[in-house]
Amino acid sequence: LSTENNSLFRMRTIQDICNKVKTINIFEYVSKNKFIYWINYRFQPFLLIKKLNEKIKKEINKNNYHITWIEKGIFIHPKTLKKIKNKTILIHFNPDNCFGPREDGCWKTFIKCINLYDYNLLPRRINLGEYRRIGSKKNYLFPFTYDKKQQFFEKLNKKFPFTINNYVFV
């Protein structure tokens, strides 16, 4: 969860439709030192992500959550998902292309986890086949959408055609 990107907006929408929502802000558990964060982001050594993973396991074991929603789970270790998998439905939303041409190191741990999620939500149609190719079975197209509480139209002199897709997530 970050206050600087769209994960905050998705979390607010989930809060609107769910009875109980608990958030875990990864930035409270990863180093603020730029160099250490860079190492953590590129290589995800377990020592640097251990506190976050312990917090997730503790929270799931302590409470009865029907669904656990994880966004861009690059710091979530496979052992953590295996420990909580039978206690909650694991949904992962990945706004980025982990199979893209940049081949960022940040995806190494995440790719090992893809099959552990009950559902993978993806904004790019091309990623559906890539996830299936590595064995993930429940992958769904979940495009970026418009939220009238967060995004506002600007009055323009020109008319532009556009389409808004509305989705309800339960």
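No hydrogens, no waters, no symmetry mates; every other heavy atom, side chains included, goes into these values.
A donor-acceptor pair under 3.5 Å is absent between the side-chain atoms of Asp96 and the main chain of Lys72, judged by distance alone. Using a distance-only test at 3.5 Å, with no hydrogens or angles considered, no donor-acceptor pair links the side chain of Gln44 to the main chain of Ile49. Of the possible donor and acceptor atoms, none in the side chain of Lys55 sits under 3.5 Å from a partner among the backbone N and O of Ile24. At distances below 3.5 Å, not a single donor-acceptor pair connects side-chain atoms of Arg132 with backbone N or O atoms of Asn139. Proximity of a side-chain donor or acceptor of Asp118 to a complementary backbone N or O of Ile91 within less than 3.5 Å is not detected.
Applying the 6.0 Å contact sphere to NZ of Lys83 captures no more than 12 heavy atoms from other residues, nucleotides or ligands. Counting heavy atoms of neighbouring residues, nucleotides and ligands inside a 6.0 Å radius, atom CZ of Phe46 exceeds 12 of them. Within 6.0 Å of atom CG in Asn33, more than 12 heavy atoms from other residues, nucleotides or ligands are found, so the atom counts as buried in its surroundings. By the neighbour-count criterion of 12 heavy atoms within 6.0 Å, atom NZ of Lys108 is densely surrounded, having more than that number from other residues, nucleotides or ligands.
To the nearest 0.5 Å, the span separating SG on Cys106 from CZ on Phe43 amounts to 11.0 Å. To the nearest 0.5 Å, atoms OG1 (Thr68) and CG (Leu81) are separated by 9.5 Å. Glu59 CD to Thr88 OG1: the interatomic distance, rounded to the nearest 0.5 Å, is 11.0 Å. Between the SG atom in Cys98 and the CD atom in Glu130 there is a gap of 7.0 Å [rounded to 0.5 Å]. For the atom pair CG (Leu52) and CZ (Phe27), the distance works out to 10.5 Å, reported to the nearest 0.5 Å. The structure places CD1 of Ile114 at 6.5 Å from OG of Ser136, a figure rounded to the nearest 0.5 Å.
Under the 4.5 Å side-chain heavy-atom criterion for ILVMFWY residues, no single connected hydrophobic cluster contains both Ile74 and Ile36. Hydrophobic clustering of Ile, Leu, Val, Met, Phe, Trp and Tyr side chains at less than 4.5 Å, counting indirect connections, keeps Leu48 apart from Ile70. Hydrophobic clustering places Ile134 together with Leu122 (ILVMFWY residues linked when any side-chain heavy atoms are closer than 4.5 Å, directly or through intermediates). Put simply, Tyr29 and Ile60 are part of the same group of oily side chains (I, L, V, M, F, W, Y) that touch within less than 4.5 Å, one to the next. Under the 4.5 Å side-chain heavy-atom criterion for Ile, Leu, Val, Met, Phe, Trp and Tyr, Ile56 and Val30 are members of the same hydrophobic cluster.
Within the structure, salt bridge (charged side-chain N to carboxylate O under 4.0 Å, His left out) contacts touching residues 29-48 (residues at least two apart or in different chains) are Arg42-Asp104.
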Test log, rule salt bridge (charged side-chain N to carboxylate O under 4.0 Å, His left out), inputs Lys57 and Glu54
CA-CA 5 Å; Lys57 288 187 287 191; Glu54 292 298 323; 3.3 Å; yes
Chi angles and distances behind the side-chain contact (heavy atoms from CB on, under 4.5 Å) call for Asn127, Phe99
CA-CA 8 Å; Asn127 291 139; Phe99 297 101; 4.2 Å; yes
Step by step, would you call Asn63 with Lys22 a side-chain contact (heavy atoms from CB on, under 4.5 Å)?
CA-CA 10 Å; Asn63 295 289; Lys22 166 72 176 172; over 6 Å; no
Give the intermediate values and the outcome of side-chain hydrogen bond (donor to acceptor under 3.5 Å, both in side chains) for residues Asn61 and Lys87.
CA-CA 8 Å; Asn61 286 325; Lys87 297 175 180 164; 2.5 Å; yes
Decide side-chain contact (heavy atoms from CB on, under 4.5 Å) for Thr109 and Ile76; before the verdict, give the C-alpha distance in whole Å, the side-chain angles of both, and the deciding distance to 0.1 Å.
CA-CA 7 Å; Thr109 300; Ile76 313 299; over 6 Å; no
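Asn94 and Asn120 are not linked by any side-chain donor-acceptor pair at a separation below 3.5 angstrom, with hydrogens and angles left out of the test.
Of all heavy-atom pairs between Lys112 and Pro78, the closest is CB-CG, 4.1 Å.
Residues Phe93 and Pro123 are in side-chain contact: their nearest non-hydrogen atoms beyond the backbone lie under 4.5 Å apart. Taking 4.5 Å as the limit, some side-chain heavy atom of Ile89 sits within range of a side-chain heavy atom of Tyr119. Between Leu141 and Pro143 there is a side-chain heavy-atom pair separated by less than 4.5 Å.
Checked options Tyr140, Tyr131, Tyr117; the residue passing with His92 is Tyr117 (criterion: ring pair (Phe, Tyr, Trp, His ring centres under 6.0 Å)).
Taking the six-membered ring where the residue is Trp, the centroids of Phe110 and Trp107 are separated by under 6.0 Å.
Stacking of Lys20 on the aromatic ring of Tyr65 is recorded, both the 6.0 Å distance cut-off and the 45° axial limit being met.
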